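Small disclaimer: the values here were computed from a predicted structure and weren't measured.
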Amino acid sequence: MGIVMELAGGGLRAHTKGASEIILAACGKVINSSGEIVPLYETSTNHLKSIIDQFASEALRTLCLEYMELEIGFSPAYDIPVFGYTGIGIVGINDLVHLGVRESFALCLSARVNVRMVTDDNINTATAIANECGILTDAGISIEGPAFRDKSQEEMLNLIPKIQGFSEPKSHLQEWTFKSYLVVFQENQE
């Protein structure tokens with residue numbers, strides 16, 4: 001999500017926020033701890049990715065914030081630029097699990113209802129939330145859409161009974177791949 005704002009001293013600035021992995025990839029620079037704008041080198045990118053992974057493994061939803069000076073102007077008829085931003089920071093948001101959720105999933109599992117979580121969260125966040133909610137059991141797995149789609153149809157059909165967390169950070173449309181194989185699997189089991 002982004003916005004273009006007019007600055008008090010003149011000029012335009014675009015601000016965006018979104019999924020950390022995607023927004024970070026759009027940054028060529030970052031603001032360091034001294035407030036200076038510095039190039040974003042591979043070592044810095046890897047450090048920031050480790051922070052994202054750490055936040056995600058703690059069941060925090062991560063967002064990255066960035067901005068860009070629009071020196072050549074901007075027209076609402078065009079999209080906000082996609083690359084060349086300066087990273088401002090990464091935040092982790094604790095989306096608390098509501099009371100009773102874990103117990104509700106436990107009740108479903110005791111009734112032999114297969115619970116599966118399909119989300120657009122980072123795989124580490126998805127896995128941590130599935131654990132926190134009691135969805136992910138010892139016999140279950142979490143998997144990302146791209147890793148699932150790289151499997152052969154036979155491998156997919158063998159994995160489906162174990163999948164309890166499915167993460168597709170880039171596109172909700174890809175969930176249909178998993179859902180269509182889930183239907184095929186269920187039909188083959190009857």
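In terms of heavy atoms, C64 sits closest to S20 at N-OG, 3.5 Å. Annotation for E132 and A59: closest pair OE1-CB, 3.4 Å, computed over non-hydrogen atoms. S167 approaches I123 most closely through the heavy-atom pair OG-N, 3.6 Å. Taking all atoms of both residues into account, the shortest heavy-atom contact from R102 to G134 is NH1-N, 3.0 Å. Of all the heavy atoms in G145 and E168, the pair that sits closest is CA-OE1, 3.0 Å.
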Evaluate side chain to side chain contact (heavy atoms under 4.5 Å, CB included) for L63 paired with F55, printing each intermediate quantity in order. CA-CA 10 Å; L63 291 175; F55 283 175; over 6 Å; no

Run the side chain to side chain contact (heavy atoms under 4.5 Å, CB included) test on M117 and L136 for me, step by step, so that the C-alpha distance in whole Å, both residues' side-chain angles and the decisive distance to 0.1 Å come before the verdict. CA-CA 9 Å; M117 180 177 77; L136 193 58; over 6 Å; no

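The number of heavy atoms from other shown groups lying within 6.0 Å of CD1 (I93) is above 12. In E6, the CD atom is not crowded: 12 or fewer heavy atoms of neighbouring residues, nucleotides or ligands sit closer than 6.0 Å.
Of the listed residues (T125, N122, D121), just one forms a side chain to side chain donor-acceptor pair (under 3.5 Å) with R61, and that residue is D121.
Side-chain atoms of M68 and L70, non-hydrogen and from C-beta on, do get closer than 4.5 Å to each other. A 4.5 Å side-chain heavy-atom check between I143 and M156 finds every atom pair outside the cut-off. Proximity of I31 to Y67: side-chain heavy atoms (C-beta onward) are separated by under 4.5 Å at one or more points. Using a 4.5 Å heavy-atom cutoff, the side chains of N158 and K151 are not in contact.
Once rounded to the nearest 0.5 Å, the distance linking NZ of K17 with CD1 of I3 reads 11.5 Å. With rounding to the nearest 0.5 angstrom, the CD atom of E58 is 9.5 Å from the CG atom of N94. Note: K162 NZ to I141 CD1 = 7.0 Å, rounded to the nearest 0.5 Å. To the nearest 0.5 Å, atoms CD (E144) and CZ (R149) are separated by 9.5 Å. Rounding to the nearest 0.5 angstrom, the gap separating the CZ atom in R116 from the CD atom in Q164 is 7.5 Å.
Follow the hydrophobic side-chain contacts under 4.5 Å out from L107 and you never reach V115; the two are in separate clusters. At a threshold of 4.5 Å between side-chain heavy atoms, the hydrophobic network of Ile, Leu, Val, Met, Phe, Trp and Tyr places L60 and L24 in one connected group. V118 and F105 fall into different hydrophobic clusters, where Ile, Leu, Val, Met, Phe, Trp and Tyr are joined by side-chain heavy atoms under 4.5 Å apart, directly or via other members.
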Between side-chain atoms of residues 38-52 and protein atoms elsewhere (two or more places apart, or another chain), which donor-acceptor pairs fall under 3.5 Å?
{"from": "T45", "atom 1": "OG1", "to": "Y41", "atom 2": "O", "distance (Å)": "3.1"}
{"from": "N46", "atom 1": "ND2", "to": "E42", "atom 2": "O", "distance (Å)": "3.3"}
{"from": "S50", "atom 1": "OG", "to": "H47", "atom 2": "O", "distance (Å)": "2.6"}

Report, one line per pair, each donor and acceptor closer than 3.5 Å where one atom sits in a side chain of residues 76-90; sequence neighbours left out.
{"from": "Y85", "atom 1": "OH", "to": "P81", "atom 2": "O", "distance (Å)": "2.6"}

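Without hydrogens or angle criteria, S57 side chain to Q54 main chain gives a donor-acceptor distance under 3.5 Å.
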